[in-house]
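Report on the following structure.
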2 protein chains.
Amino acid sequence: MELNDRKLKILQAVVADFINSAEPVGSRTLSKRDDIDVSPATIRNEMSDLEEMGYLTHPHTSAGRVPSDKAYRLYVDELMSHSELSPEEKDVIREKLDQGTEELDKTLEHASKVLSEMTNLVSFAVTPKVENKIKYINFLPVDESSVVLMIVCESGRVSNTAIRVNCPYTEENLTLMSKVATHNYSGMSVDTILTQDIMEEFERDLPQLAAMSSSVVPGFVKTLEKMLDVDLYVNGYKNVFALPEFKDVEKVKDVYDIVTNKDQFSQVLVNRDNGLVVTIGDENSPDLKDFALITADYKVNGKMVGRLGVLGPKRMKYDEVTSVIKYITDNLNQTFEIEGEVDDE
Amino acid sequence: MELNDRKLKILQAVVADFINSAEPVGSRTLSKRDDIDVSPATIRNEMSDLEEMGYLTHPHTSAGRVPSDKAYRLYVDELMSHSELSPEEKDVIREKLDQGTEELDKTLEHASKVLSEMTNLVSFAVTPKVENKIKYINFLPVDESSVVLMIVCESGRVSNTAIRVNCPYTEENLTLMSKVATHNYSGMSVDTILTQDIMEEFERDLPQLAAMSSSVVPGFVKTLEKMLDVDLYVNGYKNVFALPEFKDVEKVKDVYDIVTNKDQFSQVLVNRDNGLVVTIGDENSPDLKDFALITADYKVNGKMVGRLGVLGPKRMKYDEVTSVIKYITDNLNQTFEIEGEVDDE
DNA sequence: GTTAGCACTCAAAACATGTGAGTGCTAACA
DNA sequence: TGTTAGCACTCACATGTTTTGAGTGCTAAC
């Protein structure tokens, strides 16, 4: 059987209708549309064919049709309209984006927030772990019982942690430890450092400071480990409460589990293809089989530094959402091109 | 009418039963209990009296009794058992607490996590902005274009920020700035400092470093402002999904709104009395009228530096929860006391 | 004062019925 | 030959009815 024009038109209408209403779509409803002027009976025949071809399903005999994952895929690839955002929408987005640009490292997080506000879906942002080479390491005195550990990366990123120590120390000791740490680990990437037995190395190089080391090293290791973590921000979770597909608590819980199981979820996100990617239903991992996921990257000087996207029901306004995501990432990329030039001075 | 012993015993049984079952408690159920050996009819008479006195309510004529807020209050104040935690429970808690003590500023956050795990409720931690006196201020070199600002409070809390500077600096300059800043602001509370014209003071005391100051001070001010924010951590939100009172989505959403409206919620928390405080139902603000809130403080050297607690249904295991909170805060306080003693030597 | 007994209440479960949006099929039509 | 009207059929859902059972309140007897 072949997907002729009329079948495509009907399929498109079913998907579009279902996206709007979240209700199975019947033949009579479709026959009332302006762009379809055949009788319900004809539509039924076509829908029956479409079902046979795997594009539609039937919750039960006397219900309307619901799009299958295959139908959504076809819809996204071929059928849906690619409307440009209106100038007003663009202005709104740009204005929202501008409100969060003071703090450099919050930019992505903020962009994800804007994304959720514009789409009324759950949005997220993830910073993939990059080649994070250490430049130097510094232990600094704070007070009798704590020190600050400062790790500077070659990228310029600085990581600070306050560490509690349970033995007295002198400033010289700290300087010594800083020197040893920097000497041993400077130029290495964080994950390489973590493969080593850090405690042993400190004890070897600073036998006289064994007590200090045992007090400080665990915090040091923990900080390094944390630097490896990809950061995952989730925004707009409350949007699920408004969607009809989440009117029972179990579903709400499922989404909550997905977005709070950060390790697993960020893994999923990091492993995606580059660019604007839409995955629907069973194209995702099993726990996401009832959802659609849309992601896009943003880059600084051509290097991918973050990814953001939305998680929502398969019944999603794909055209709007992709437009918004695309506009936001384009904007971010542009911002950073300019910033990048300023930095180079 | 008087609350005689039998009435108290029955009331206690009703509350305890309802806390366990979340179902209205009937007279027959109570009559089966070992500690009550009067007939259902007698119990009914007593319950009828208790209802008249405002301790019990009746969802409908043919249903069992449900405790009123007044009953919960009496239960917490007088009726409930104050069981000690078992040694095993204590061990579990202490072990969990120990897993998160390397990073000083995460201690409270971690404790709140432990609290939610032990109680299966939503827990939170808040660092009130009260009495946040600065101990000293330190500008540290990172690389050519950035320095780290480290602010240490008397409470031991450390705040770090990377600040970008757009003029060359020497280590001596930074030391000078650190000294001036510490001299000027040490012992003052953050909000007091912010009322002053910080830029002018730097320029007055360090006229030779005007360029540096103008580059660094905005970041300094911003960091101070951020220190005024109370931090609110919420843990264990997913526990609400398991509670029968939250089986419809609206309720789940209510809790979500409460704990994510961080400004408002932290205001509520900060404004509470000190010590172990239990508020139930209409003792809370209207949006919390269906919940009970338990908080306790933790102190460093006798000074309150954080508050943590749980949010749950009024039907809460008050005895267990208060025991756990008390044990956790005692532990935190102790940890910090010991450190204080070590410090003194 | 306590309790057995009984009539009464009412939510919730179980069952029955009607409604309507939908289908699939067939036969007639253009 | 594709399209459509017509009709029997299906089935979720809403509505109405009945049954059940846990609970109460009252009264009279112990």
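Since we're looking at a predicted model, the values are computed, not measured. Proteins get letters first, then strands, A, B, ... in listed order; numbering begins at 1 in each.
Straight-line distance from the CZ atom of B:R44 to the P atom of C:dT3: 12 Å, rounded to whole Å. Atom CZ in A:R65 sits roughly 14 Å away from atom P in D:dC11 (whole-Å rounding). When rounded to the nearest whole Å, the span between CZ of B:R28 and C1' of D:dT24 equals 13 Å. For the pair A:R6 CZ and D:dG2 C1', the computed distance is 8 Å after rounding to whole Å. The nearest whole Å value for the distance from the CD1 atom in B:I43 to the P atom in D:dT24 is 9 Å. The separation between B:E2 atom CD and C:dG1 atom P is 14 Å, rounded to whole Å. One atom, CD of A:E46, and another, C1' of D:dT3, lie 10 Å apart when rounded to the nearest Å. A:I10 has its CD1 atom 15 Å from the P atom of D:dG2, to the nearest Å.
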Candidate pair B:S123 and B:S112, rule side chain to side chain donor-acceptor pair (under 3.5 Å), full reasoning: CA-CA 6 Å; B:S123 76; B:S112 138; 3.2 Å; yes
Criterion side chain to side chain donor-acceptor pair (under 3.5 Å) on A:S27 and A:R44, from CA distance to verdict: CA-CA 6 Å; A:S27 54; A:R44 280 205 288 280; 3.2 Å; yes
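Formation of a donor-acceptor pair under 3.5 Å by the A:N284 side chain with backbone atoms of A:F291 is found in this model. B:S323 places a side-chain N or O within 3.5 Å of a backbone atom of B:D319 that can act as its donor or acceptor partner.
Checking D:dT24, D:dA5, C:dG22 against every side-chain atom of A:A41, the shortest atom distance belongs to D:dA5. Looking at the side chain of A:S39, the nearest of the listed nucleotides C:dT3, D:dT4, D:dT24 is D:dT4. Among the nucleotides D:dT4, C:dT3, C:dT23, the one closest to any side-chain atom of A:M47 is C:dT23. Closest to the A:H60 side chain, of the nucleotides D:dA12, C:dA4, D:dT24, is D:dA12.
Side-chain atoms of A:S62 and base atoms of D:dT10 include a donor and an acceptor less than 3.5 Å apart. You won't find any donor-acceptor pair under 3.5 Å spanning the side chain of A:T61 and the base of D:dT10, going by distance alone.
The phosphate of D:dG23 (OP1 or OP2) has a side-chain N or O of B:T29 nearer than 4.0 angstrom. Contact between the side-chain N/O atoms of A:S27 and the OP1/OP2 oxygens of C:dT23 is found at a separation under 4.0 Å.
At a threshold of 4.0 Å, the pair A:K9-A:D5 does not count as salt-bridged, since none of the basic side-chain nitrogens sits closer than that to a carboxylate oxygen.
Remark on DNA chain D: of its neighbouring residues B:N45 and B:G64, the 5'-side contact belongs to B:G64, judged by nearest-heavy-atom nucleotide.
Applying the Watson-Crick and G-U wobble criteria (two distances, each under 3.5 Å), D:dT15 pairs with C:dA16. Look at D:dA29: its Watson-Crick or wobble partner, with both distances under 3.5 angstrom, is C:dT2.
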